[in-house]
Amino acid sequence: MRGSDDTGRAEGDGAVRTGLAAELGAGLGERATLVQFSSAFCAPCRATRRVLGEVAGMVPGVTHVEIDAEARLGLVRRLGIERTPTVLVLDADGRVVRRAAGQPRKADVIAALGAAL
């Protein structure tokens, strides 16, 4: 995905992976999960919600979960989220396989899912 911190597997995610699925407060997708960190007054967050929802609706077994960054500051800090929107792509086991900050394009999200599927 296009974004300022598009790093693939981010260093330090290993310590968080095992508990990440439980911390999300929502079930993981059967094949992958698109986790979006948003804030209330973030216009790109609304567009990102739409794009990720469309992709999750198109790709079987993919779920979109949106997290309010302000309400979940502990999780935001542990994951090193520095801006909204930030999107994490989790595989079926809840491991972070891709991450990107900024508003993604639909084609980039679909391509990033390839790392998780």
Side-chain angles (χ1 to χ4, degrees):
M1 282 187 303
R2 182 178 56 134
S4 63
D5 65 352
D6 182 8
T7 58
R9 257 197 189 100
E11 188 175 323
D13 283 344
V16 190
R17 282 190 192 132
T18 53
L20 183 56
E23 287 185 83
L24 292 179
L28 294 178
E30 189 176 303
R31 298 175 65 202
T33 305
L34 301 169
V35 180
Q36 174 185 347
F37 286 86
S38 299
S39 53
F41 298 103
C42 168
C45 293
R46 291 189 290 279
T48 298
R49 177 184 312 121
R50 187 184 78 259
V51 167
L52 298 182
E54 289 174 6
V55 171
M58 290 173 26
V59 183
V62 174
T63 300
H64 171 227
V65 176
E66 187 170 4
I67 304 288
D68 180 348
E70 295 171 51
R72 305 290 300 277
L73 285 176
L75 182 59
V76 165
R77 287 182 182 118
R78 281 192 298 286
L79 292 172
I81 306 298
E82 297 179 358
R83 63 181 276 209
T84 59
T86 291
V87 178
L88 306 179
V89 179
L90 309 182
D91 66 12
D93 296 324
R95 290 184 298 260
V96 177
V97 294
R98 296 286 300 232
R99 68 183 288 148
Q103 182 179 332
R105 296 180 306 167
K106 187 185 294 189
D108 293 333
V109 175
I110 292 168
L113 278 172
L117 301 179

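Note that the structure is predicted; figures quoted are calculated from it, not measured.
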Point to revise | Validation row: L28, V65 side chains within 4.5 angstrom (heavy atoms) | key: no

Review point. What closest approach, in Å, do P85 and P44 show between heavy atoms, and which atom pair accounts for it?
Key: CD-CB, 3.8 Å

Check your understanding: Do L90 and V97 come within less than 4.5 Å of each other through their side chains, counting heavy atoms only?
Key -> no

Point to revise | Residues T48 and Q36: side-chain donor-acceptor under 3.5 angstrom | key: no

Review point. For the atom pair CG (L113) and CG (D108), what is the distance rounded to the nearest 0.5 Å?
Key: 11.0 Å

Exercise for review: Work out which heavy atom in K106 is nearest to a heavy atom in E54; give both atom names and the distance.
Suggested key: NZ-OE1, 2.8 Å

Practice item. Sort and list the pairs that fulfil salt bridge (charged side-chain N to carboxylate O under 4.0 Å, His left out) and have at least one residue in residues 35-47, not counting sequence neighbours. Key: none

Review point. Side chains of V62 and T33: does their closest heavy-atom pair fall under 4.5 Å?
Key: no

Exercise for review: Check whether any side-chain heavy atom of F37 lies under 4.5 Å from a side-chain heavy atom of V87, and answer yes or no.
Suggested key: no

Check your understanding: Can you name the side-chain hydrogen bond (donor to acceptor under 3.5 Å, both in side chains) partners of T84, sequence neighbours left out?
Key -> S39

Check your understanding: Is the backbone of D68 close enough, under 3.5 Å, to the side chain of R72 for a donor and an acceptor to pair up by distance?
Key -> no

Practice item. Give every residue pair that meets the salt bridge (charged side-chain N to carboxylate O under 4.0 Å, His left out) criterion with at least one member in residues 25-41, sequence neighbours excluded. Key: none

Review point. Given side chains that start at C-beta, do those of I67 and I81 come closer than 4.5 Å, heavy atoms only?
Key: no

Check your understanding: Once you round to the nearest 0.5 Å, how far does CZ of R105 lie from CD of Q103?
Key -> 11.0 Å

Revision key, fill the gap. In short, A116 meets V89 closest at the heavy-atom pair CB-CG1, 3.8 Å

Check your understanding: Quick one: does L34's side chain get under 4.5 Å of V55's, heavy atoms only?
Key -> yes

Point to revise | Rounded distance [0.5 Å steps], CG in L117 versus CD1 in I110 | key: 11.0 Å

Practice item. Output yes when a side-chain donor or acceptor of D93 lies under 3.5 Å from a complementary backbone atom of R95, and no otherwise. Key: no

